[in-house]
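Notes follow once the structure below has been shown.
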Amino acid sequence: MTPPLLHSDEAHTPMNSAPTPPAPGTEAFNDWCTYLDNELTIPVNPPETRAWLWDLFTGNGSMPADMIAPLILDRRLKLTNQAIDYFLNAANIDLKAPTPLTLIPHILHPEPLEPSGQVNVYTTEILSLDPLGIFQETAGATQDYLARRHHIVWPLCPDHRIGTHPEPTAEGVAWTCTVGPHTVRTMTAPTTTGTCQ
């Protein structure tokens with residue numbers, strides 16, 4: 001039996017090779033991101049989130065919302081736990097806590113009313129998917145938890161002995177004293193390698 005002839009555009013492509021994925025700016029990828037935003041109400045535009053979605057898209061194509069929802073929940077939870085550990089470690093050191101402070105986020109698995117699931121730090125729902133956004137959201141949530149559950153004001157302004165407020169920065173958060181106002185301390189968010197600085 002004679003093998004079938006290849007059309008001219010097939011002649012340069014090996015028979016079993018995977019198709020070349022479109023560039024991140026392509027219509028198919030953008031359509032999928034819009035679909036995810038509509039179905040799951042997730043922030044799809046931060047660069048690190050976009051890169052993560054692109055990796056999923058190139059490996060799996062346009063996954064339906066119910067298939068990607070558990071991956072979104074896992075990503076949010078991993079980055080949230082990392083941020084909580086970072087802030088509690090800093091608080092434990094600053095406060096010289098005799099017993100290490102702990103905080104476990106509350107998880108709501110995907111369901112019809114929460115299609116992408118939910119991660120809450122104390123009373124704050126974490127909405128971001130990128131490390132910087134999650135770090136920034138977790139800063140205030142951790143501070144709120146320490147104040148309400150443990151009656152601890154952290155971090156304090158050393159000059160005025162009052163609590164500070166986390167303000168988002170390009171790299172993480174700046175703890176700002178309201179007297180002045182002035183920055184008391186900065187904290188850098190985790191990078192894509194997953195380490196806090």
- Under the side chain to side chain donor-acceptor pair (under 3.5 Å) rule, collect the residues that match up with T124, sequence neighbours excluded. none
- Check: N92 side chain, L88 main-chain N or O, donor-acceptor pair, under 3.5 Å: yes
- Sidechain-backbone polar pair: Y35 side chain, P64 backbone, donor-acceptor under 3.5 Å: no
- Query: Cluster question for you: counting only ILVMFWY and a side-chain heavy-atom cut-off of under 4.5 Å, with indirect links fine, are F135 and V184 together?
  - Reply: no
- Message: Under the rule for side chain to side chain donor-acceptor pair (under 3.5 Å), what residues qualify as partners of E137, not counting sequence neighbours?
- Response: S128
- Is there a path from Y145 to F87 through hydrophobic residues (I, L, V, M, F, W, Y) whose side chains come within less than 4.5 Å of each other? yes
- Message: Going by salt bridge (charged side-chain N to carboxylate O under 4.0 Å, His left out), name the pairs with one or both residues in residues 28-40, residues two or more places apart or in two chains.
- Response: none
- Tell me, which pairs form a side chain to side chain donor-acceptor pair (under 3.5 Å) where one or both residues lie in residues 174-184, sequence neighbours left out? H160-H182
- CD1-CG distance between I42 and L129, expressed to the nearest 0.5 angstrom: 5.5 Å
- Where do L156 and G163 come nearest, in terms of heavy atoms and distance? CD2-N, 3.9 Å
- Message: Please report the interatomic distance CD1(I104) to OG1(T80), rounded to the nearest 0.5 Å.
- Response: 13.5 Å
- Got a second to check how far N89's CG is from I84's CD1, nearest 0.5 Å? 13.0 Å
- Query: Going by heavy atoms in the side chains, are I68 and L53 under 4.5 Å from each other?
  - Reply: yes
- Task: Take L101 and I152 through the test side-chain contact (heavy atoms from CB on, under 4.5 Å) and record every step on the way to the result.
- Result: CA-CA 11 Å; L101 300 163; I152 295 171; 4.1 Å; yes
- Task: Please report the closest heavy-atom contact between V44 and C33, naming both atoms and the distance.
- Result: CG1-O, 3.7 Å
- Message: I'd like to know if the side chain of S62 reaches the main chain of W32, judged simply by a donor and an acceptor atom lying under 3.5 Å from each other, with no hydrogens or angles considered.
- Response: no
- Note on the structure: Applying side chain to side chain donor-acceptor pair (under 3.5 Å) to D94 and not counting sequence neighbours gives W154, R185
- Between atom CD of Q143 and atom OG1 of T164, what is the distance when rounded to the nearest 0.5 Å? 5.5 Å
- Message: If you compare all heavy atoms of G172 against all heavy atoms of L132, which two are closest, and at what distance to 0.1 Å?
- Response: N-CD1, 3.4 Å
- Task: Report whether V121 and L127 are members of the same hydrophobic cluster (ILVMFWY, side-chain heavy atoms less than 4.5 Å apart, transitive linking).
- Result: no
- Item | Y122 with V153, same ILVMFWY side-chain cluster at under 4.5 Å | no
- Query: What residue pairs, at least two apart or across chains, pass salt bridge (charged side-chain N to carboxylate O under 4.0 Å, His left out) with a residue in residues 54-83?
  - Reply: none
- Kindly write out the residues that satisfy side-chain contact (heavy atoms from CB on, under 4.5 Å) with H109, not counting sequence neighbours, or none if the list is empty. L73, I107
- Message: Checking Q136 now: which residues fulfil side chain to side chain donor-acceptor pair (under 3.5 Å) with it, not counting sequence neighbours?
- Response: none
- Message: Tell me if a side-chain donor or acceptor on T49 pairs with a main-chain N or O of N45 at a distance below 3.5 Å.
- Response: no
- Item | Cluster overlap L71 with M67, hydrophobic side-chain contacts below 4.5 Å | yes
- Does L77 reach the side chain of I126, with side-chain heavy atoms less than 4.5 Å apart? no
- Query: Going by the salt bridge (charged side-chain N to carboxylate O under 4.0 Å, His left out) test, which pairs reach into residues 147-162, not counting sequence neighbours?
  - Reply: D144-R148
Hey, can you pull the donor-acceptor pairs under 3.5 Å for the side chains in residues 110-118, sequence neighbours left out?
unit_1: E114; atom_1: OE2; unit_2: Q118; atom_2: NE2; d: 3.1
unit_1: Q118; atom_1: OE1; unit_2: N120; atom_2: ND2; d: 2.8
unit_1: Q118; atom_1: NE2; unit_2: E125; atom_2: OE1; d: 3.4
unit_1: Q118; atom_1: NE2; unit_2: E125; atom_2: OE2; d: 3.4

- Run through the side-chain heavy atoms of Ile, Leu, Val, Met, Phe, Trp and Tyr, join any pair under 4.5 Å, and report what else lands in I162's cluster. V179
- Message: Is the shortest side-chain heavy-atom distance between P47 and D130 below 4.5 Å?
- Response: no
- Query: Which residue pairs pass the ring-ring contact (aromatic ring centres under 6.0 Å, His included) test when at least one of the two sits in residues 60-81, sequence neighbours left out?
  - Reply: none
